[in-house]
Structure formats: structure tokens, C-alpha cells
Number of protein chains: 2
Amino acid sequence: MSKPLPLLTAPAPERRDAARNREALLRAAAELIEGCDVRAVTMEAVAAKAGVGKGTVFRRFGSREGLMAALLNHSETAWQASVLSGPPPLGPGAPPMERLIAFGESRMRTHLQQGALIEAAGRTWGDNYAVIGFATMHLRYLLRELGVSGDLTYLATALLAPLSLPVLQQQLGFDGMSEERVLAGWQDLVDRIVGS
Amino acid sequence: MSKPLPLLTAPAPERRDAARNREALLRAAAELIEGCDVRAVTMEAVAAKAGVGKGTVFRRFGSREGLMAALLNHSETAWQASVLSGPPPLGPGAPPMERLIAFGESRMRTHLQQGALIEAAGRTWGDNYAVIGFATMHLRYLLRELGVSGDLTYLATALLAPLSLPVLQQQLGFDGMSEERVLAGWQDLVDRIVGS
DNA sequence: AATAGAAACGGACCACGGTCCGTTTCGACA
DNA sequence: TGTCGAAACGGACCGTGGTCCGTTTCTATT
């Protein structure tokens, strides 16, 4: 008699040792990064500190960038939660425009704070659709709430783009802008797009 | 008697063999890249094809990313020339708004076309102020011509950001937009910023 | 408790980017 | 043309990210 094969293949549960190792690796990486330059932390060091072999690190996270992205995922998830159900003005409850401004400021602060890690995660993080996708969706939602008309998906990506780390770094570094000026600039941009 | 030491240290002229090797390396790299995936081209292969040692490659270009950036510099320089003194509507002669639209389209096309190389050049290219700086300046100039008021430097960077490769890739890939839609979206963004 | 097979492990191994330093080449000046 | 110091050369060498595959560990099933 054949098994009742599920129509939708289950998400493949994780073996207990695998879960333990993932946990240990994330903790080890976090501890090593704290106090050292991220770039100086080698994969072998992380593996050693977690008490596993190097192969295991790559099995779990695919690449160095993958490990860094996994670290970022923790704070990203928390951030998403505070956007979806945290206190206003970032979370629900405040008027859309206030939420929008809070969103921009929060994103900018987060990106700058985690700059080194974001760079270390490279494309694995930057191309992470679960991240970009969420922010775009939320922005799109706020724009709709504000009654903006037009291609909201495009406008959302266009509003998100200047909040990306490389752009912020250029503005603060090369262009010599202050954080306040960058923030004010973004708010002005919002006004122009929304049409105040 | 002491030499007439120049007040401004001269740009340190390049020895003839050095110049020849740089040339040979750039040509070799270009030829290897043409037809292969950029990522499959190793530095040693470039050095071998150019008939020099590996050390020379790194002496000249600093890193793999540096070599890729140097390749991009050729087309970038040509592009800058066509913006500054090429035929309208990209070059001077057309009304500012038309130049602006042409600028956006041209930049988008260029970035998409050279995507692989840009990725291979990484931060060495992306953080290249000679590149970002030129585009920002020009955008700033056009905005001024259009009589836009406000923080033109910020607006220029904000207008440039959605034309960056990662954003374009997200829009065309994950968001499933067509190139036409992306272009139309950017033009709409311009209209909102300029205030039509 | 025994078994079997799938999943995970670990560390030797590989490839490539990047460095180092002894040797060679250039060109300025006599 | 000879000399000399600076600059460039080249390839052996190193470290690290990433792979491979024989061994170990888990867990479903009886």
C-alpha cells in the first residue's frame, strides 16, 4: 500500500541536529562579528566557534553572503513586525503620511546602522525579494491610502531606491550631506510624489 | 642647485612598458569576456592572454573589481562625452525636459546592457565618484534649467537611484515590469518632481 | 529494540584572488 | 654609451571561500 503522498510537498522539516547547528552557527557568527570587523571573520572561525565542520556552514547557509543575510534576517523580521503591528507612527494607528515619514526614517537608520553587515551580505541580501518585496508592498499600500494615483508599484520602488545603503553612503560621504538633510530631502520627495 | 620642484606634484607619468601592459591587459580582458561569462574569466587567464605575470595585473588595477571597473570606464567616458557634446536629445541642443528623458532612457539601457560587467566590478564601480558624481551633476544642472526649486542635489540623487542596476533588476525581474513600463514610471517620477 | 535509508556531518581538498620580494627594465643625466 | 636609482615585472606563495564524498546521526517504521 502506497503512502498518502501529499499534493503539495511539505516544506521538508528540519532535523533536530541541523536546527541545533544552525542556531549555534548564527550565535557564533554574531558573537564573532561583535567587536571585530565583519570582513575579518572567516567562515572557518565561525565553524570552529560553533563546534562544527566548515562543510556544515556551507550546507546550512550556502555561502558567506548567505550566512550574513541570515543574520540580517533576524532584525529584518523584527522590523517587519513593528511595521505591521508595532506602535505608531511606524505601525498602524497613525495617519498614512506620518507612517510614511516614519517608514523612511526607520529604514534609513536601520540601513546605516547595519551597513557593514549589509555590505558583507552583498547580493544575497540585496536581491532578497522577501525583504525588498515587503518594503515595496508596504510603501505601495501607504501610497494607495494617501490617494496617490498612477503606477503605484513603480512609485514604491522609486521611493525605496534612495533609501538603499549605497545611495545613502554617497549622499552622506561624497555629497557631504547631513543625515537631517537626507531625511528632509526624502520627505520633500514624498511630498512631490504624493502631490501634497 | 636644486630642481625646480613643481608646486603641484605632477600626475606621475607612466613608464612606457607600464602603459603597454595596461593596454594589453585591457584588450585581453575584453576579448576573454566577449563570449564567456564574465565570472568565469580568471585573473590568471587575463594575465596569460596578455603575456604578463599575475602580479602585473594587480599592480595595474589593484583588484579584480578594479580591472572590471577599468573596462567599464571606457564606455562610461564615451557616454559622458555624448552627454556633454553629443547629438540631441541626449547632448546639448534639445530642451531640458527632452534631455532629461533621454538621459534616463540612455542610463537605463546602458546599465542593463552592461549588467554582468557592472556586477563584476562591484563597489569599485558603484562607489566610483567620478561616475556617480558626473551623473548627479548633470541631473542637477538639468533640474536647475527646468526651474525646479528645492534641494537639487538630493533630488538628483533620488532621480538617479531608481536607474541603478539592482533596482532595475528588481523591477524587471521580481516585479515583472516591462522595460517600457519602467521607463514610463521614471518619466512620471520626473514629472512629479519637476511639477510639470 | 532493531533496521534501513535519508539527511547531515566534517575535514581534506581545490581554485582563485591577492601579496611579496628578488630580478629586470626603463629612462634621466652625464 | 655608461651608470644609477626608481619603477615595473613575474611567479612562487598564502589565505579563504567553496566543494566533495566517505562516515555518522537521526527518525520513521515495525
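So that the names make sense, note that chain A is the first sequence line, chain B the second, and so on, each numbered from 1.
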Earlier contact from the 5' end, DNA chain D, for B/Glu44 and B/Asn21: B/Asn21
Listed once per pair and sorted, the side-chain hydrogen bond (donor to acceptor under 3.5 Å, both in side chains) pairs that draw on residues 158-172 of chain B, sequence neighbours left out: A/Thr157-B/Gln171, B/Glu119-B/Gln169, B/Gln170-B/Asp175
Within-4.5 Å side-chain heavy-atom neighbours: B/Leu160 and B/Phe103: yes
Geometric class of the A/Phe174/B/Tyr129 ring pair [parallel <30°, tilted 30-60°, perpendicular >60°]: parallel
Atom-pair distance (CE on B/Met43; P on D/dC13), nearest Å: 21 Å
Of residues 48-69 of chain A, the positions that come close to DNA chain C - non-hydrogen atoms, cut-off under 4.0 Å: A/Val52, A/Gly53, A/Lys54, A/Gly55, A/Thr56, A/Arg59, A/Arg60
Pair A/Glu23 + A/Arg27: basic N to acidic O under 4.0 Å: no
Rounded interatomic separation in angstrom, taking CZ from A/Arg15 and C1' from C/dA6: 8 Å
Member of A/Val194, A/Leu155, A/Leu189 meeting the side chain to side chain contact (heavy atoms under 4.5 Å, CB included) criterion with B/Arg192: A/Leu155
Out of C/dG27, D/dA8, D/dG17, whichever nucleotide has its closest atom nearest the side chain of B/Asp17: D/dA8
Nucleotide C/dA7, atom C1' - distance to CZ of A/Arg20 in whole Å: 14 Å
Rounded interatomic separation in angstrom, taking CZ from A/Arg22 and C1' from C/dC9: 15 Å
A/Glu14 and A/Arg60, any side-chain heavy atoms less than 4.5 Å apart: yes
DNA chain C: 5'-proximal contact among A/Ala19 and B/Arg16 (nearest heavy atom): A/Ala19
Atom pair distance, as rounded to whole Å: CD in B/Glu14 and C1' in D/dC9: 14 Å
